[in-house]
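As structure tokens, the structure follows; a few thoughts come after it.
Computation of the quantities below employed the complete heavy-atom set of this structure, encompassing side-chain atoms and omitting hydrogens, waters and symmetry-equivalent molecules.
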Amino acid sequence: MNETIEYWNNVEREVFACPNPCLFRFMGDVGIKIKGKNVLELGFGMGSDLIEMQKRGANAYGIDIDERKVDDVNKLKGDNEFPIVLHGNVANDIEKFNESFDFVFSQDTLYYLEEKELLQ
């Protein structure tokens, strides 16, 4: 069975939304190693991709404009050190992170930004 299909068949969907196939390809099929790397997700939404990256050994960070989503992910993570999530706009608040990143992951987020922010 295809590794991707086998993986999705075993995801516990009642706990998290399914991490998206683009992320899975980024980490699996494409062969990018994220274990021990600082990975930033711009616009993490439900947080499922952040949790998946953390499970795979990444130091997962995220920023989202929706305060409710930040609160939800902070509740889900419990006592785990990662993921580290902040409320903010990626165009204006990225300096809140005192880290450099090996990878930045984002999907379906650009349309939330104003034109002047896109030009930054």
Side-chain angles (χ1 to χ4, degrees):
M1 184 184 301
N2 178 300
E3 178 189 0
T4 303
I5 294 169
E6 185 177 341
Y7 176 81
W8 293 122
N9 286 338
N10 293 309
V11 169
E12 293 183 34
R13 291 186 172 101
E14 68 276 1
V15 179
F16 302 109
C18 222
N20 75 61
C22 291
L23 177 68
F24 185 77
R25 288 201 64 228
F26 174 75
M27 294 186 301
D29 298 343
V30 175
I32 294 177
K33 306 297 181 209
I34 64 169
K35 187 173 184 174
K37 305 285 186 185
N38 287 348
V39 181
L40 173 64
E41 182 176 9
L42 310 176
F44 56 81
M46 296 298 293
S48 56
D49 293 338
L50 285 170
I51 301 295
E52 185 65 26
M53 289 187 281
Q54 184 265 330
K55 282 185 194 174
R56 293 175 178 250
N59 303 322
Y61 296 81
I63 189 167
D64 200 288
I65 61 172
D66 189 335
E67 287 182 76
R68 297 167 301 175
K69 299 303 177 192
V70 173
D71 291 342
D72 289 347
V73 171
N74 280 326
K75 288 175 191 167
L76 282 175
K77 77 177 192 176
D79 295 331
N80 294 327
E81 178 183 1
F82 290 101
I84 295 172
V85 296
L86 297 176
H87 171 255
N89 177 314
V90 69
N92 301 317
D93 298 316
I94 202 72
E95 72 277 353
K96 289 181 179 179
F97 290 105
N98 222 5
E99 303 292 333
S100 62
F101 298 98
D102 299 297
F103 299 105
V104 176
F105 181 79
S106 184
Q107 184 175 339
D108 297 329
T109 57
L110 291 179
Y111 50 82
Y112 287 104
L113 300 176
E114 300 292 330
E115 183 178 358
K116 65 180 179 159
E117 295 164 337
L118 285 169
L119 295 174
Q120 286 180 305

TODO: Would you name the heavy atoms of I63 and H87 that are closest together and state the gap between them?
DONE: CG1-C, 4.4 Å
Open item on the list: How long is the straight-line distance from CD1 of I34 back to CZ of F103, given to the nearest 0.5 Å?
Closed with: 8.0 Å
TODO: Can you measure from CD (Q54) to CG (L50) and round to the nearest 0.5 angstrom?
DONE: 9.5 Å
Task: Between CG on residue D102 and NZ on residue K33, distance to nearest 0.5 Å - done: 15.0 Å
Task: Closest non-hydrogen atom pair, L86 against K96 - done: CD1-CB, 3.6 Å
Task: ring-ring contact (aromatic ring centres under 6.0 Å, His included): pairs with one or both residues in residues 37-57, sequence neighbours excluded - done: none
Task: Non-hydrogen side-chain atoms of L42 and V104 separated by less than 4.5 Å - done: yes
- [ ] Determine the minimum heavy-atom distance between V39 and M53, stating which atoms define it.
- [x] CG1-SD, 3.3 Å
Throw together a table of side-chain donor-acceptor distances under 3.5 angstrom for residues 67-74, partners on residues two or more places apart or in other chains.
{"unit_1": "R68", "atom_1": "NE", "unit_2": "D66", "atom_2": "OD1", "d": "3.0"}
{"unit_1": "R68", "atom_1": "NH2", "unit_2": "D66", "atom_2": "OD2", "d": "2.8"}
{"unit_1": "N74", "atom_1": "ND2", "unit_2": "V70", "atom_2": "O", "d": "3.3"}

TODO: Write down the atom of E52, the atom of R56, and the distance for their closest heavy-atom approach.
DONE: OE2-NE, 2.9 Å
Open item on the list: Checking N59 now: which residues fulfil side chain to side chain contact (heavy atoms under 4.5 Å, CB included) with it, not counting sequence neighbours?
Closed with: N38, Y61, F82
